[in-house]
Protein chains: 2
Amino acid sequence: MIRLLLADDQALVRGALAALLDLESDLEVVAQVGRGDEVVEAARASEAEVCLLDIEMPGLNGIDAAAALRRELPGVRSLIVTTFGRPGYVRRAIEAGASGFVVKDTPSRQLADAVRRVHNGLRVIDPDLAAESLIDGPSPLTGRERELLTYALDGSPVAAIAARVHLSEGTVRNHLSAAIGKTGATTRSEAARIAQDRGWL
Amino acid sequence: MIRLLLADDQALVRGALAALLDLESDLEVVAQVGRGDEVVEAARASEAEVCLLDIEMPGLNGIDAAAALRRELPGVRSLIVTTFGRPGYVRRAIEAGASGFVVKDTPSRQLADAVRRVHNGLRVIDPDLAAESLIDGPSPLTGRERELLTYALDGSPVAAIAARVHLSEGTVRNHLSAAIGKTGATTRSEAARIAQDRGWL
DNA sequence: ACCTCGCCGTGACACCTGTCATCGCACTAC
DNA sequence: GTAGTGCGATGACAGGTGTCACGGCGAGGT
């Protein structure tokens, strides 16, 4: 019997996944949480063996949650189950110590198998995504560029971003200009979207 | 026995919802599709009574699918089940003839009840969202403004948008300026995000 | 010690953008 | 027929934006 923890901020999806996995005779959902920062505690309390983690979650994202699990409970394996198959996500998930990465449009039949493989110590990674994340390479953005791009995501003017991070407008423009160059964009908001699509934010 | 059709582009979620609903003794999932433009055909073939529709789907979105169902198969009721509780979505869904609107972070226990109520001819609408969509009012955007905002979503420069719709740059700027005013934004990309958040696109 | 690289800043320049006034056309409502 | 509204366009202007050159600081690697 494999003991599972589910972490997803959408209660309906969480409950549905639980129903799906409980149909398998060798799987048992022993904990469910809706926030990333409750994962470690719940995993410890429930003695889960495998954690299914969504990426988009309040409190702590799934990748950082996987890193926290690696640190606090090294015996627990984690499997990222997410909507967005962004190349950068895969790389970061693996670096954070996740054992698997599955996107939510894989057939539901395959999920239980993925869990079993992860439980057996194998890696489960969507082959297309693995290839994409290899050709894509790691994020070329510096820390500041990454930060400023996240603030540029909603289309704020440069002045607003500068005020928010206590920098001069010129500096913000320079960093964003560098980011625009690295993403191949022509506008800061375009650059922000591209970076987000690749999982660089 | 209530006959259900599930429409969601994420296979994993679809399968999981099916598992969840099949646990109920009075419900039966008789069809599953991953595209909006397959809903009517599948509903007809499977003689479904209630259709659960996600909004974000390839081919045809869930709201337009509900409208198509209303037209082609008036006896079939539809229930929107979506990630985003955007006020504009609720209004448009009801106008399209949907019988219910549920967001994906409602507790999974309540889904079956929502289905039963819809099947009985009742309306099921998240009360918070209903209130929000009332105070928000309908979209103030004209058709052109809406169109241009969708093109502005990715941060494209005005020149690119103008070329795409075969308009002069000045005209595009004028429409976008109007949209910026109506959304209370200061930038076209900010306006685009705000409009999207409210379900105006 | 030297070099590299990330980070912060300034100043200047060309270009892009948002705003406003003004015009014309087509359609609808009263 | 008059008024209102959406749509398209032009021109002008102030201010925002992206780019470049340049300088300086500190941390890390050789």
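Naming: A, B, ... by sequence-line order, numbering from 1 per chain.
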So does [X] get a side-chain nitrogen or oxygen closer than 4.0 Å to the phosphate oxygens (OP1/OP2) of [N]?
{"X": "A/Ser168", "N": "C/dT10", "answer": "yes"}
{"X": "A/Thr142", "N": "C/dC7", "answer": "yes"}
{"X": "B/Arg144", "N": "D/dG6", "answer": "no"}

Whole Å only: how far is the [atom1] atom of [X] from the [atom2] atom of [N]?
{"X": "A/Ile161", "N": "C/dC8", "atom1": "CD1", "atom2": "C1'", "value": "16 Å"}
{"X": "B/Ile180", "N": "D/dG16", "atom1": "CD1", "atom2": "C1'", "value": "12 Å"}
{"X": "B/Glu147", "N": "D/dG6", "atom1": "CD", "atom2": "C1'", "value": "14 Å"}
{"X": "A/His175", "N": "C/dG9", "atom1": "NE2", "atom2": "P", "value": "8 Å"}
{"X": "A/His166", "N": "C/dC7", "atom1": "NE2", "atom2": "C1'", "value": "17 Å"}
{"X": "A/Leu148", "N": "C/dG6", "atom1": "CG", "atom2": "P", "value": "15 Å"}
{"X": "A/Glu145", "N": "D/dG18", "atom1": "CD", "atom2": "C1'", "value": "14 Å"}
{"X": "B/Arg173", "N": "C/dC16", "atom1": "CZ", "atom2": "P", "value": "10 Å"}

Give me the one residue out of B/Leu53, B/Val118, B/Val50 that meets side chain to side chain contact (heavy atoms under 4.5 Å, CB included) with B/Ser78.
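Going through the options one by one, the only one that passes is B/Leu53.
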Comparing nearest nucleotides in DNA chain D, the 5'-proximal residue of the pair B/Gly143, A/Ala178 is B/Gly143
If you apply the rule side chain to side chain contact (heavy atoms under 4.5 Å, CB included), what do you find for A/Glu145 with A/Lys182, and how did you get there?
CA-CA 10 Å; A/Glu145 287 161 6; A/Lys182 288 175 182 177; 2.8 Å; yes
With a non-hydrogen cut-off below 4.0 angstrom, is B/Leu176 in contact with a base, only sugar-phosphate, or nothing?
nothing
Within the 4.0 Å heavy-atom criterion, would you say A/Thr171 contacts the bases, only the backbone, or no part of the nucleic acid?
base
Which atom of A/Ala42 lies closest to which atom of A/Val33, heavy atoms considered:
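Closest pair (atom of A/Ala42, atom of A/Val33, distance): CB-CG1, 3.6 Å.
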Shortest non-hydrogen contact between A/Arg188 and A/Gly155, atoms and distance:
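Nearest pair, atom of A/Arg188 first, then A/Gly155: NH2-O, 4.5 Å.
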Quick check for you: to the nearest 0.5 Å, what is the distance between A/Leu69 atom CG and A/Leu5 atom CG?
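One gets 8.0 Å once the value is rounded to the nearest 0.5 Å.
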Has the side chain of B/Asn174 got a donor or acceptor atom sitting under 3.5 Å from an opposite partner on the base of D/dC7?
no
